[in-house]
K.L.:
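Quick one: the structure is below, questions incoming.
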Amino acid sequence: MRLATSLLLAAATLAAPLAHAADPRLGDAYKFKHSGWTYVHLSGTPEQIGYQHGYLLAHEIEDNVRVYTLEGVHKDNKPWSFFREAGRTVLWPHIEPEYQAELKGIGEGLKAAGSKLDVWDVVALNGQEELTGYYLPMLNAQQGKPNPPAAVAPGKCSAFIATGSATKDGKIVIAHSNWSSYAEGERWNYVFDIVPTKGYRFLMDGSAGMITSQDDFGVNAAGIMITETTLPMAVGFDVNGIPEFTRSRKAMQYADSIDTYAAIMREGNNGGYANSWLIGDRKTNEIAYLELGLHNTPLLKKTNGYFVSSNFASNPDLIRDDTPGFDPNNAESSMNARHIRAEEFMKQHYGKLDTTLAEAYLSDHYDTYEHKVDAGKRSLCGHEDTSPIGEKVWGNLPHSASGAVTGKVMDSDMAAKLSFIARSGHPCGEDFHAAPFFAAHPEFSWEKPILHDMIAGPWTAFTSSEKSPTTTIAQR
């Protein structure tokens with residue numbers, strides 16, 4: 001029944017933008033809904049891509065802004081106007097013209113669709129990760145103000161990349177689950193197929209209004225496959241650097257090798273949204289691990305083996321200079337417990353890894369600290385709402401509505417077709433229901449306007465140029 005419903009919705013939403021084709025900026029843009037995701041096709045110049053994005057997703061972008069506005073007040077002690085101004089004065093001057101044009105285009109598309117949001121709302125939305133967890137703590141320290149517990153560099157997401165002797169066919173397999181608040185996560189369910197006039201076509205997951213994946217997972221036509229998890233407790237922010245969201249977008253669009261990807265991410269590094277990047281090149285089956293701190297950016301490569309990532313820092317110099325609060329020996333913490341479990345999983349399935357096992361990895365509930373199956377804050381498939389402890393490292397209270405909100409997997413053969421498999425909601429397939437959650441935890445009632453049921457969809461394949469659910473190449 002759910003699939004049949006998504007097919008009907010797809011037909012309706014696919015037809016909608018075509019009725020407004022009088023504006024040439026819309027070009028061949030379209031969207032449709034499928035299996036809990038919204039698929040969005042954008043193409044053209046930066047201005048056209050932006051306009052299409054803003055016009056087609058105007059209501060969804062407004063909804064996204066409402067989420068971050070409410071979270072900003074309750075988690076960061078800042079009104080939305082603060083982030084608008086920081087986007088305008090701190091981030092905008094260091095965004096290159098190509099992406100300024102796309103951001104302006106989103107603003108124009110919003111206006112054409114009847115929205116009151118403008119380009120500064122769009123910049124603030126794109127800059128949320130680096131403004132809340134990096135710029136704001138630095139600013140509070142400079143001003144001698146206390147920093148809210150949640151206004152820190154986040155430590156969320158589970159991922160791996162493997163190749164050579166580690167995988168079933170000797171080629172690359174990559175997997176990632178996005179961890180976020182459920183309010184953000186229930187909206188982080190977009191697949192963007194983007195065809196720019198310059199650079200490579202790419203397919204990525206994302207969220208309405210954002211020009212980069214931001215969680216991050218994607219592949220481009222040059223065969224570069226990427227994902228990441230955040231570095232825990234990262235500190236430092238260079239106000240004169242290039243915003244992370246534009247560097248990650250540029251790397252996705254222009255990189256044709258691992259070295260090129262790393263170079264783009266390193267150039268103008270502002271320290272914002274510091275991540276451990278997992279990068280693969282399907283042309284060579286080489287994989288890499290880039291720890292991108294503000295001061296240290298080590299890059300490791302291999303053609304046999306794997307890299308796992310669950311928000312732990314590895315390089316000793318990086319731990320010392322960029323994540324000084326991170327304790328790799330704290331087995332109780334989410335990131336270290338998941339690191340241990342990730343290594344166990346890789347060793348158990350070494351030489352057999354494929355997309356099916358990648359889905360199992362993202363769905364895993366084993367807690368290495370408690371030595372039992374327990375879907376909670378320490379499982380690879382995170383369910384922080386079930387945890388009576390909370391995660392101090394990133395300021396989450398006990399039973400916070402947060403955890404794994406999507407899962408994505410891909411192998412080299414899929415990458416060659418610009419395709420990946422994704423599940424909306426918890427990768428394990430369990431649903432989250434808001435009403436019983438609020439009844440049991442009234443301390444989170446402030447989230448009622450933005451937090452809804454998060455229903456898991458099926459594992460579903462998405463491919464570039466897709467125009468209806470019937471063209472997907474796999475569904476489980």
Side-chain angles (χ1 to χ4, degrees), residues 25-27 29 31 38-58 60-65 68 83-84 86-88 90-111 113 115 117-131 178 184 187-220 224 226-228 242-255 261 264-265 268 270 272-273 275 464:
R25 288 174 292 183
L26 287 175
K31 67 176 181 178
T38 298
Y39 186 102
V40 185
H41 172 81
L42 310 172
S43 67
T45 65
E47 295 86 351
Q48 290 169 330
I49 288 173
Y51 184 85
Q52 294 161 15
H53 190 160
Y55 185 84
L56 290 182
L57 300 180
E60 294 90 336
I61 295 170
E62 289 179 333
D63 182 49
N64 233 4
V65 169
Y68 289 102
F83 298 108
R84 279 173 48 91
R88 186 182 70 84
V90 178
L91 301 181
W92 184 260
H94 307 289
I95 298 173
E96 58 189 88
E98 177 175 357
Y99 301 114
Q100 285 188 345
E102 185 169 338
L103 293 163
K104 288 178 179 178
I106 295 175
E108 289 297 314
L110 283 163
K111 182 178 179 181
S115 175
L117 298 180
D118 63 19
V119 65
W120 306 125
D121 294 299
V122 178
V123 176
L125 182 63
N126 278 267
Q128 273 298 290
E129 295 292 347
E130 48 204 301
L131 291 176
N178 176 17
E184 295 172 16
R187 297 163 172 86
W188 219 313
N189 54 355
Y190 290 75
V191 174
F192 287 96
D193 173 33
I194 300 182
V195 188
T197 53
K198 295 181 180 180
Y200 297 103
R201 183 178 195 153
F202 56 97
L203 189 76
M204 67 180 185
D205 76 326
S207 189
M210 298 183 186
I211 68 170
T212 192
S213 173
Q214 281 288 66
D215 68 340
D216 287 81
F217 191 86
V219 57
N220 71 17
I224 303 303
I226 65 95
T227 194
E228 51 83 359
I242 300 171
E244 189 278 344
F245 77 85
T246 58
R247 286 181 286 120
S248 63
R249 165 56 187 277
K250 183 177 181 178
M252 182 83 270
Q253 182 177 344
Y254 287 100
Y261 195 97
I264 293 172
M265 293 306 300
N270 68 348
Y273 200 26
N275 293 313
S464 66

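Positions are given from 1 along the sequence.
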K.L.:
On the 0 to 90° scale, with breaks at 30° and 60°, tag the Trp120-Trp92 ring pair as parallel, tilted or perpendicular.
P.N.:
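It falls in the perpendicular class, over 60°.
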K.L.:
Main chain of Tyr68, side chain of Glu184: is a donor-acceptor contact present, judged purely on distance under 3.5 Å?
P.N.:
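Not a single qualifying donor-acceptor pair exists.
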K.L.:
Can you tell me how far the OG atom of Ser43 sits from the CD1 atom of Ile194, to the nearest 0.5 Å?
P.N.:
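These two atoms lie 10.0 Å from each other.
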K.L.:
Restricting to non-hydrogen atoms, name the atom on Gly54 and the atom on Ile61 that form the minimum distance, rounded to 0.1 Å.
P.N.:
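The pair with the smallest heavy-atom distance is CA-CD1, 4.0 Å.
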K.L.:
Taking Arg25 for its side chain and Glu47 for its backbone only, find out whether a donor-acceptor pair lies under 3.5 Å.
P.N.:
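It does not hold such a pair.
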K.L.:
Tell me if a side-chain donor or acceptor on Asp118 pairs with a main-chain N or O of Asp121 at a distance below 3.5 Å.
P.N.:
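Present.
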K.L.:
Would you say the side-chain atoms of Lys250 pair up with the backbone N or O of Ile264, donor to acceptor, closer than 3.5 Å?
P.N.:
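It does not hold such a pair.
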K.L.:
To the closest 0.5 Å, what do you measure between CG (Asn220) and CE (Met204)?
P.N.:
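Asn220 CG to Met204 CE: 12.0 Å, rounded to 0.5 Å.
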K.L.:
Would a distance-only check, ignoring hydrogens and angles, find a side-chain to backbone donor-acceptor pair under 3.5 Å from Arg247 to Met265?
P.N.:
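It does hold such a pair.
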K.L.:
Keeping to residues at least two apart or across chains, list the salt bridge (charged side-chain N to carboxylate O under 4.0 Å, His left out) pairs with something in residues 97-111.
P.N.:
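Salt bridge (charged side-chain N to carboxylate O under 4.0 Å, His left out) check on residues 97-111 returns Glu102-Arg249.
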K.L.:
Measure from the side-chain N and O atoms of Gln214 to the backbone N and O of Asn126, and report whether any donor-acceptor pair falls under 3.5 Å.
P.N.:
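Here the side-chain-to-backbone pair exists.
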K.L.:
Got a sec, which residues hit ring-ring contact (aromatic ring centres under 6.0 Å, His included) with Tyr261, two or more places apart in sequence or on another chain?
P.N.:
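Partners of Tyr261 by the ring-ring contact (aromatic ring centres under 6.0 Å, His included) criterion, ordered by chain and then number, come out as Trp277.
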K.L.:
Measure the spacing between CZ of Arg84 and CG of Leu125 and express it to the nearest 0.5 Å.
P.N.:
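Answer rounded to 0.5 Å: 12.0 Å.
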K.L.:
Pick one: which of Thr227, Asn178, Asp205 meets side-chain hydrogen bond (donor to acceptor under 3.5 Å, both in side chains) with Ser213?
P.N.:
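That would be Asp205; it is the only one of Thr227, Asn178, Asp205 passing the side-chain hydrogen bond (donor to acceptor under 3.5 Å, both in side chains) with Ser213.
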K.L.:
Rounded at 0.5 Å granularity, tell me how far CG in Leu91 sits from CD in Glu244.
P.N.:
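One gets 11.0 Å once the value is rounded to the nearest 0.5 Å.
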K.L.:
Looking at Asp216 and Ile226, would you say the former's side chain and the latter's main chain have a donor-acceptor pair under 3.5 Å?
P.N.:
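Checked: no pair found.
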K.L.:
So, the side chain of Asn64 versus the backbone of Ala208: is there a donor-acceptor pair under 3.5 Å, distance only?
P.N.:
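Flag set: sc Asn64 to bb Ala208 pair under 3.5 Å.
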